[in-house]
2 protein chains.
Amino acid sequence: MTIASATPYCSHGAHCQTCSLSSLCLPVALKTGELDHFDAIIKRRPPLATGDCLFRQGDHFSNVYAIRSGSLKQVNFDHAGNEQITHFFLPGELVGFDGIDDGYHTGYAHAMEKTCICEIPFSHLETLAERIPQLRSQLFRSMSREMKEDHRLIRLLSCKTADERIAGFLINLAVRFQRCGHSSKTYRLPMTRTDISNHLGLALETVSRVLKRFRDNHLVAIRGRDVQILQPQLLYELAENGSP
Amino acid sequence: MTIASATPYCSHGAHCQTCSLSSLCLPVALKTGELDHFDAIIKRRPPLATGDCLFRQGDHFSNVYAIRSGSLKQVNFDHAGNEQITHFFLPGELVGFDGIDDGYHTGYAHAMEKTCICEIPFSHLETLAERIPQLRSQLFRSMSREMKEDHRLIRLLSCKTADERIAGFLINLAVRFQRCGHSSKTYRLPMTRTDISNHLGLALETVSRVLKRFRDNHLVAIRGRDVQILQPQLLYELAENGSP
DNA sequence: CGATACTTTGAGCGCCGTCAACATCGGTGG
DNA sequence: CCACCGATGTTGACGGCGCTCAAAGTATCG
């Protein structure tokens, strides 16, 4: 079983007007003229390679970023230097809002594979949002959505078992991959088992063992990073209720 | 040991111009004329009694709320009906941002004691923020700060022991109580042990046992809900490093 | 093709959840 | 004012989930 990578090639000169992800991204609901204005403030960067940093802890906050293709992980630190992956970001999602508060980023954002990014200068975005109510609403909605994602993760971490966490994680990824144009059943994990274990608050051995159990029970087919969800309904119920 | 309640009386006709919390709240950095405009869109409500709901799951989102005095807990649900307390809100803090995304609230907000609230209609706030850059920045900053708080909690839940979680929780409350004008060392917990255990992802018996251990080790003096932090530095190190 | 990172699998044990009993607090009504 | 009662908090015994340590197997890349 081999599944196409989640990272198709993407030209770094592309524009919002022709971007297949614009229905997920900030330009949603913008009229043609407005879209041109929005497109004009965006800087396209050369693609990030695996392991490259989009921003580092302590960097001055000046942009938010939209992902065109590829994937990122956002890593925060506590005072003792322990890492915590708070988010994985997929195409069509926005990165960097946590830097607004006091003007610098509190953690790293690493590319987990070759990743194309749109850089959106926040001051320009604010100015433009002043004039375009649709854009403003979408900006607030994006931030609010990230909060809801955080609350989902908090609930997951605070009272769910390893099985429930991993079921929820696989389902959540499936939903988000589908939203950006992939199959809802098959995808390729961009992150390592170590990343998953860190994000879900588990030991990496536990992640490995639970995935094996899911495979043995024919809930999913997993080989390396290729995932195929065989029984979405059962997996969903496991994630929510804890009952198989 | 008895410590004054965190809920002094607060007139519900008060205005931002005279509010002691305005330096924490949205009006921060507004000029006098702007402050008048801001004050004009706010509705003061009669105080909430213990257990009253500010909003319920599924309610249409139309306001954010600033706390003048008292405290709230925000409770979210998963599909199986399990509750998860994602936030405790103290005076000077803003509640309700998670409703922006799809226009309704995803959980309850309960008053944990008698609580005075400023209701801020979000549509008016957006309009006003269009004209007043300071207000706009502060709005973004408030949302961004809530995200950072979420990330802190995620880190806490994902890899910390019961001792570390509770140490972190006590320190965090101390900081926030100090910010709104209390002592940094002594405060009264507005929430039950059950609420704490839910929020931190622990059994309530564990909360009780860890607090006893902290008391035995003279890190804190706790009697019922009255907390006095005796060794802030040690408690902080315990929360961050796990080392006593 | 060798080196390095990543993943799987096993054995043992400790933290913390569950169950249970009891103590304490706060409020209500006789 | 006191007796009562439900809600809240404390303490103990015990077992299981998931972590740690260890080692072998596998993908990936220069």
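Numbers restart at 1 for each chain; the letters A, B, ... are given by sequence-line order, proteins then strands. What you see is a predicted model, and the numbers here were worked out from it, not measured in a lab.
When the P atom of dC6(C) is taken as reference, atom CE of M112(A) falls 13 Å away, rounded to whole Å. Atoms CG (D195(A)) and P (dA5(C)) sit 15 Å apart, rounded to a whole Å. To the nearest angstrom, P of dG14(C) lies 16 Å from CG of D163(B). Atom CD1 in I166(A) sits about 14 Å away from atom C1' in dT7(C), given to the nearest Å.
Within 4.0 Å of A203(B), counting heavy atoms only, lies at least one base atom of the nucleic acid. No engagement by R165(A) is indicated, since no non-hydrogen atom pair under 4.0 Å with the nucleic acid exists.
Two residues, T194(B) and K160(A), neighbour DNA chain D, and the one matched to the more 5' nucleotide by heavy-atom proximity is T194(B).
Annotation: the terminal axes of the helix from dC1(C)-dG30(D) to dG30(C)-dC1(D) meet at 50°, where each axis is the rotation carrying the C1' atoms of four end pairs onto the next four (5 pairs per end, rounded to 10°).
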Could you list all N or O pairs between the protein and nucleotides 22-28 of chain C that sit under 3.5 Å apart?
from: dC25(C); atom 1: OP1; to: R223(B); atom 2: NH2; distance (Å): 3.3

Enumerate the protein-to-nucleotides 8-10 of chain C contacts in which both atoms are nitrogen or oxygen and the separation is below 3.5 Å.
from: dT8(C); atom 1: OP1; to: R193(A); atom 2: NH2; distance (Å): 3.3
from: dT8(C); atom 1: OP2; to: R193(A); atom 2: NE; distance (Å): 3.0
from: dT8(C); atom 1: OP2; to: S208(A); atom 2: OG; distance (Å): 2.6
from: dT8(C); atom 1: O5'; to: S208(A); atom 2: OG; distance (Å): 3.1
from: dG10(C); atom 1: N7; to: R209(A); atom 2: NH1; distance (Å): 2.9

Item to complete: Would you please test L72(A) and L48(A) for side-chain contact (heavy atoms from CB on, under 4.5 Å) and show each step?
Response: CA-CA 10 Å; L72(A) 296 173; L48(A) 300 172; 4.2 Å; yes
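Closest of all the heavy-atom pairs between M147(B) and M147(A) is CG-CG, 4.1 Å.
Residues passing the side-chain contact (heavy atoms from CB on, under 4.5 Å) test with K73(B), sequence neighbours excluded: V75(B), I85(B), F88(B), H110(B), M112(B), D195(B). Y104(B) pairs by the ring pair (Phe, Tyr, Trp, His ring centres under 6.0 Å) definition with nothing, not counting sequence neighbours. Contacts of Y236(A) classified as ring pair (Phe, Tyr, Trp, His ring centres under 6.0 Å), with partners at least two apart in sequence or in another chain: H79(B). Residues meeting the ring pair (Phe, Tyr, Trp, His ring centres under 6.0 Å) test with H87(A), sequence neighbours left out: F89(A), H151(B). The side-chain contact (heavy atoms from CB on, under 4.5 Å) test applied to S183(A) returns K185(A), T186(A), not counting sequence neighbours. The side-chain contact (heavy atoms from CB on, under 4.5 Å) test applied to D101(B) returns R141(A), S144(A), R145(A), K148(A), not counting sequence neighbours.
Interatomic distance, L219(B) CG to L238(B) CG, rounded to the nearest 0.5 Å: 7.0 Å. If you take CZ on R223(A) and CZ on R215(A), they are separated by 9.5 Å, rounding to the nearest 0.5 Å.
The six-membered or imidazole ring of H182(A) lies away from that of Y187(A), with a centre-to-centre distance of 6.0 Å or more.
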Distance-only donor-acceptor hits, side chain of residues 205-214 of chain A, under 3.5 Å, sequence neighbours excluded:
from: R213(A); atom 1: NH1; to: D163(A); atom 2: OD1; distance (Å): 2.9
from: R213(A); atom 1: NH1; to: D163(A); atom 2: OD2; distance (Å): 2.6

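For DNA chain D, the contact window with chain A, defined by any atom under 4.0 Å from a protein heavy atom, covers dG18(D) to dT28(D) in 5' to 3' order.
Note on residues 83-97 of chain A: pairs passing salt bridge (charged side-chain N to carboxylate O under 4.0 Å, His left out), not counting sequence neighbours, are E93(A)-R176(A), E93(A)-R179(A).
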